[in-house]
There are 2 protein chains.
Amino acid sequence: MVEKDIAAELKKRGFKLTHQRKAIISVLGNCREHLKPADIHQRLHKKYPGIGLVTVYRTLELLQENGLLCEVHIGDSCRSYLKRQRPGEHHHHLVCRDCGRVADFTDCELDRLKQRLERETGYRINRHLLEFMGLCPQCQIREV
Amino acid sequence: MVEKDIAAELKKRGFKLTHQRKAIISVLGNCREHLKPADIHQRLHKKYPGIGLVTVYRTLELLQENGLLCEVHIGDSCRSYLKRQRPGEHHHHLVCRDCGRVADFTDCELDRLKQRLERETGYRINRHLLEFMGLCPQCQIREV
DNA sequence: TTTATAAATGAAAACAATTTTCATTTAGCG
DNA sequence: CGCTAAATGAAAATTGTTTTCATTTATAAA
């Protein structure tokens, strides 16, 4: 999904395409790291000063509710977001602990484990959270 | 690890064993759900009124730093804790979305996936977060 | 193109969660 | 028992997030 797709998706669902929303989408779209609300607000300031932090929060909520972005849990904060690459697709993240860059992967190979756990514990499982953290190729070089 | 072990561990590392700490450890020790700081504070109030929320925060930090409790990420909040069953052991959680009860499991079968991802992405992985969410046996019955 | 209108925005205030400060208390040692 | 550093509680400060409300704006209809 590129910026245009996200914009189109919002429009399709009857939401207005404001300057602010476009700007926020653009920040997320040009970024491979996960960002906290305050990070996004700060980045906005350079190009589009005057957009309020409140609007950032509201737009993130809107995008989130419409499945247009995803959260990253591992690492520092708990509210860190990322543009969703493909709408609706089940996927997971590989997060760089230095620069925050995120790579996606889709096949999590957890079916067998899930079934074993259901059998052993009696839980009925319907959701899982899986993220890997490490160093991306660039940060490995930088680290030496 | 039972309460006594946790207490002993703290003592061994030169921390004082105060009433408050014992009380907090006891709340965590008698509980199979994950609890937020405010939850713990509330539960303390019944048996040991007068323990401040600040002390709860400080004690949780202490226990956390000493590897005596673990966090739960999936679900509502981001700061939810649980007594660690065995010190230092690599393990994961299965969380009930209704009652919050947590079951542990140790073998996460992620080695193969980890290796595949390292090969495919070039990331060097050194940590992962894996949690399952569902319904525990009791909450399945209650749900019908 | 202009107009009407509901939706979106920004600023300030409110709220919630967490941390800091500091004076007082206490565990654990001698 | 008395000493001392560590721990506590209460209040204040800080940080992150949400609500309120008057104003602005995107969009659809005229």
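Values below: all heavy atoms of this structure, side chains included; hydrogens, waters and symmetry mates excluded. These numbers were taken from a predicted model, which means no experiment stands behind them. Naming convention: chains lettered A, B, ... in sequence-line order (proteins, then strands); numbering from 1 in each chain.
Listed by first then second residue, pairs satisfying side-chain hydrogen bond (donor to acceptor under 3.5 Å, both in side chains) with a partner in residues 6-16 of chain B read Glu9(B)-Arg13(B), Arg13(B)-Asn66(B), not counting sequence neighbours. For the side-chain hydrogen bond (donor to acceptor under 3.5 Å, both in side chains) condition, the pairs that include at least one residue of residues 35-61 of chain A, sequence neighbours left out, are Glu33(A)-Arg43(A), Lys36(A)-Asp76(A).
Ring planes of Phe105(B) and His92(B): tilted class, angle from 30 to 60°.
The line from NZ of Lys83(A) to CG of Leu69(A) is 11.0 Å long, rounded to the nearest 0.5 Å. Atoms CG and SG, on Leu130(A) and Cys108(B) in that order, are 9.0 Å from each other to the nearest 0.5 Å. To the nearest 0.5 Å, atom CZ of residue Arg32(A) and atom CG of residue Leu82(A) are 8.5 Å apart. The CD1 atom of Ile6(A) sits 5.0 Å away from the CE atom of Met1(A) when rounded to the nearest 0.5 Å.
Helix bend of the helix from dT1(C)-dA30(D) to dG30(C)-dC1(D): the angle between its two end axes, each built from five pairs, comes to 30° after rounding to 10°.
Scanning both residues, Pro137(A) and Tyr123(B), for their nearest heavy atoms gives CD-CD1, 3.9 Å.
Looking at heavy atoms from C-beta onward, Arg127(B) lies out of side-chain contact with Phe132(A) at the 4.5 angstrom threshold. By the 4.5 Å heavy-atom criterion applied to side chains, Lys114(A) and His128(A) are not counted as neighbours. Side-chain contact between Cys96(A) and Val102(A) is absent, with no heavy atoms from C-beta onward closer than 4.5 Å.
Listed by residue number, the members of residues 56-71 of chain A with any heavy atom below 4.0 angstrom from DNA chain C are Arg58(A). The stretch residues 36-50 of chain A touches DNA chain C through Gly50(A), each having a heavy atom within less than 4.0 Å of the strand.
A nucleotide of DNA chain D counts as in contact with chain A when one of its atoms lies under 4.0 Å from a heavy atom; the first and last such, 5' to 3', are dG16(D) to dT27(D).
Counting non-hydrogen atoms under 4.0 angstrom, Lys22(B) reaches nothing in the nucleic acid.
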